[in-house]
2 protein chains.
Amino acid sequence: MVTAYDVAKRAGVSMGTVSRYITGNGYVGDASRAKIASAIEALGYIPNRAAASLTTKNTGLLGFVVSDLRNPFTAEIASSLSQHARMHGYGLVLSDSMNDPGISLEAIERMRAHGVDGLIVTPPESRSLNDALIAAAPTLPIVGIGLRTTPQVTDLVTSDTRAGAISAVEHLLELGHRRISYVGSSSMASGRYRGYEAALALAGLPTDPELVVVGELNRASGFAALEALLALSDPPTAIFAANDAVALGIIQAAHEHGVSVPGQISVVGYDDVDLAAHSVPPLTTVAQPLAAMGQAAVELLVSRLQGADRHRASEEVVLPVRLVIRGSTASHTQTSPLLRKGIR
Amino acid sequence: MVTAYDVAKRAGVSMGTVSRYITGNGYVGDASRAKIASAIEALGYIPNRAAASLTTKNTGLLGFVVSDLRNPFTAEIASSLSQHARMHGYGLVLSDSMNDPGISLEAIERMRAHGVDGLIVTPPESRSLNDALIAAAPTLPIVGIGLRTTPQVTDLVTSDTRAGAISAVEHLLELGHRRISYVGSSSMASGRYRGYEAALALAGLPTDPELVVVGELNRASGFAALEALLALSDPPTAIFAANDAVALGIIQAAHEHGVSVPGQISVVGYDDVDLAAHSVPPLTTVAQPLAAMGQAAVELLVSRLQGADRHRASEEVVLPVRLVIRGSTASHTQTSPLLRKGIR
DNA sequence: TGCTTAGGTGTAACCGGTTCCACATGGAAC
DNA sequence: GTTCCATGTGGAACCGGTTACACCTAAGCA
């Protein structure tokens, strides 16, 4: 292994000078500079950051504990993190916890042992993990990505869910729809539901409880929701689904019941999963700025690491989302009347 | 920061004893053991691996330089690597090169600076990257995942492409198909094409050059290929596509030309991308054992790191693939005759 | 001319561990 | 009763860097 000592010997200078050359701290004369540069080149010297970290207290590593890397969302965030960490001179240590809090805890401990300078987490909800983050926070800057499930002590990067829901519903309103259904989870406090309500309120419309269908956020539940809505005496002409899985289930149910999308009913999803662009018809949906969220997380972390104000109050960055208009929504004026169908 | 010295002082033993306790090398008496354990517990001590690595020469980190993390394949491999690295006590340093050889080079250098014990790469093809891998190989164990584009000096984990192609074509043969087309890239040396040829030969069938369509490996090219095949005087009753994108393009073209899949023509893809399970009809395809490949890569690397025979010759692990039978293939006896259609 | 100061360099302590060596103890084997 | 060996421990050198400090030179300035 080539060490700084080897470089110093070959360049005919002291280790101190070599170190000053590498770190950029302190003066190095032009003559020494040239000799050191050629010695490094000739020897193929690569500085040992682990050794440097003993003195400097930072390793140039950021940790990323991720809930599930097989989720394309997470993968895109990870890709963005890798890219921006690199641009700021950091390496990225990654651990996929597969939604297991125990693994998350182990990963955090391992990362602390490896001396990561900061931590980024997409949190699985777990009491013990929360406690671990709170315990680590005083000595280790932490940024959460995603929903507000990380403890207050950490910085947070999210996207503006409520505004996304509003833009989805406003899109339907602009197309002339007035009876717009919400299909989502039971958590009425979610930004998606609040945005739905807000958009209707802004348009001076009431929220008809009949049009709000709650269930799990998966395909089967979307399928069932459409059947329930079709059974109403006055069915909706458009549906805002809380995520794409639900929306795709709705579209599938529509197919099977001979209901045309968007001919007879418009559907908007949320998330813009890969499948959304390839469904029939392609799904209009709300896309989260995943790459931007990764970038924001790295920049938040790096600013805390390099700024003088490491102990400033925790921050929250909320990024705007984007409505992606595809083929599952159409103007209400062109919508054929939806025949009342005797389902079940 | 809590150090081993603090632990030693609190436990009333020497640093050496604490170190022996941590590493498990050498004798530690029961009394000392108990005192050290409670001191560690009380202080919340986490050993500093960077410091340890100065002496031991290994950091407990594996590096993973990946071509494109947004590709779900890569993400699944990365997830598997993270999991198995953890199980073997290693952390994973990840860098997404986004198919840029320059970034790969930078990533490798950074990883060497961080002292990774071994490297796993999914190689983008590049001369300079190859040279860098060859240069690093003598001091750093390297495992490649994927095609044979890594230099000979590295270990390699691949899947059995030829066998996969054979099983795909044999599946079609068993369904009674005799005119089976191959739609793929111009590289006739690929395992997929070789498998196609081999399966036909095993069945005593010739390869009809008319049925071999070459083009790029994307959707548009699959679409065009089907149109070309339909224009033949004696069209195939089944198609083996070199990847899923091509197969999905073929299915799309079939839809648009009123040809039923699998009613009139059967289609098999390769790769089992996420979309494959959700196309209409769901695609029969060949799945690579991505998780197993990640596991094999870690185990190959770890065995080289921990085994005495670090300098044994480079190895190649070839894992079996799996035919996933879905709805795009059907028995030839039930296939309706394909009407000759005047396309274009 | 003498004093200050910026530029430039070597020396050595130090970072947080690991491991080699020396040394102790006590029971087993002869 | 020696000798031997397994067990157990402390001390100190060492890993590869960084940086505080001392010291030197030469230029700038009154």
Side-chain angles (χ1 to χ4, degrees), chain A residues 1-37 39-40 43-61 89 109-117 139-140, chain B residues 1-37 39-40 43-61 89 91 109-117 139:
Chain A
M1 186 185 203
V2 183
T3 73
Y5 177 75
D6 301 326
V7 172
K9 205 165 52 179
R10 189 176 225 271
V13 298
S14 73
M15 287 239 345
T17 303
V18 172
S19 180
R20 277 179 290 255
Y21 173 89
I22 301 283
T23 61
N25 300 330
Y27 301 105
V28 179
D30 291 340
S32 300
R33 193 171 291 279
K35 283 187 293 184
I36 293 171
I40 286 177
L43 297 172
Y45 170 67
I46 297 180
N48 179 335
R49 297 220 50 170
S53 77
L54 280 192
T55 312
T56 62
K57 303 300 179 196
N58 42 59
T59 53
L61 290 173
E109 174 145 357
R110 192 187 304 280
M111 286 181 179
R112 299 190 74 178
H114 284 297
V116 296
D117 296 337
T139 53
L140 187 67
Chain B
M1 185 182 203
V2 183
T3 73
Y5 177 73
D6 301 327
V7 173
K9 206 165 49 178
R10 189 174 225 272
V13 298
S14 73
M15 287 236 350
T17 304
V18 172
S19 180
R20 276 177 289 245
Y21 173 87
I22 301 284
T23 61
N25 300 331
Y27 299 104
V28 180
D30 290 340
S32 300
R33 194 172 291 279
K35 284 186 291 182
I36 293 171
I40 287 178
L43 297 171
Y45 169 66
I46 297 180
N48 181 334
R49 296 222 49 167
S53 77
L54 281 190
T55 310
T56 61
K57 304 299 181 198
N58 42 56
T59 53
L61 290 172
E109 173 144 359
R110 191 187 303 280
M111 286 180 178
R112 300 189 72 178
H114 283 297
V116 296
D117 296 336
T139 53

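So you know, we letter chains A, B, ... as the sequences are listed, proteins then strands, and number each from 1.
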Taking side chain as C-beta onward, heavy atoms only, is [X] less than 4.5 Å from [Y]?
X	Y	answer
A/L54	B/N48	yes
A/I40	A/V18	no
B/V2	B/I46	no
B/Y21	B/R33	yes
B/T139	A/M1	no

Rounded to whole Å, how long is the line connecting atom [atom1] of [X] with atom [atom2] of [N]?
X	N	atom1	atom2	answer
A/N48	D/dT18	CG	C1'	12 Å
A/M1	D/dG16	CE	P	6 Å
B/R20	D/dG11	CZ	P	11 Å
A/I46	D/dG16	CD1	C1'	14 Å
B/I36	D/dT9	CD1	C1'	10 Å
B/L43	C/dG16	CG	C1'	15 Å
B/M15	C/dG16	CE	C1'	7 Å
B/D6	C/dG16	CG	P	9 Å

Using a heavy-atom cut-off of 4.0 Å across all strands, would you classify [X] as base, sugar-phosphate, or nothing?
X	result
A/T56	sugar-phosphate
B/V13	sugar-phosphate
A/S32	sugar-phosphate
B/G16	base
B/S19	base

May I ask you to evaluate whether [X] reaches the phosphate of [N], defined as a side-chain N or O under 4.0 Å from OP1 or OP2?
X	N	value
B/N25	C/dT19	yes
B/Y21	C/dT19	no
A/T3	D/dG16	no
B/K57	C/dT18	no
B/Y45	C/dG17	yes
A/S14	C/dG10	yes

Residue whose closest nucleotide on DNA chain D lies nearer the 5' end, B/D30 versus A/T17
B/D30

Which comes earlier along DNA chain D counting from the 5' end, the contact point of B/L54 or that of B/G12, where each point is its nearest nucleotide?
B/G12

Taken in chain and number order and not counting sequence neighbours, the residues that satisfy side-chain hydrogen bond (donor to acceptor under 3.5 Å, both in side chains) with B/R49 are none

Between [options], spot the one nearest the side chain of [X], thanks.
X	options	value
A/Y27	C/dG7, C/dT18, C/dT9	C/dG7
A/T23	D/dT19, D/dG10, C/dG16	D/dT19
A/A51	D/dG16, D/dT18, C/dG17	D/dG16

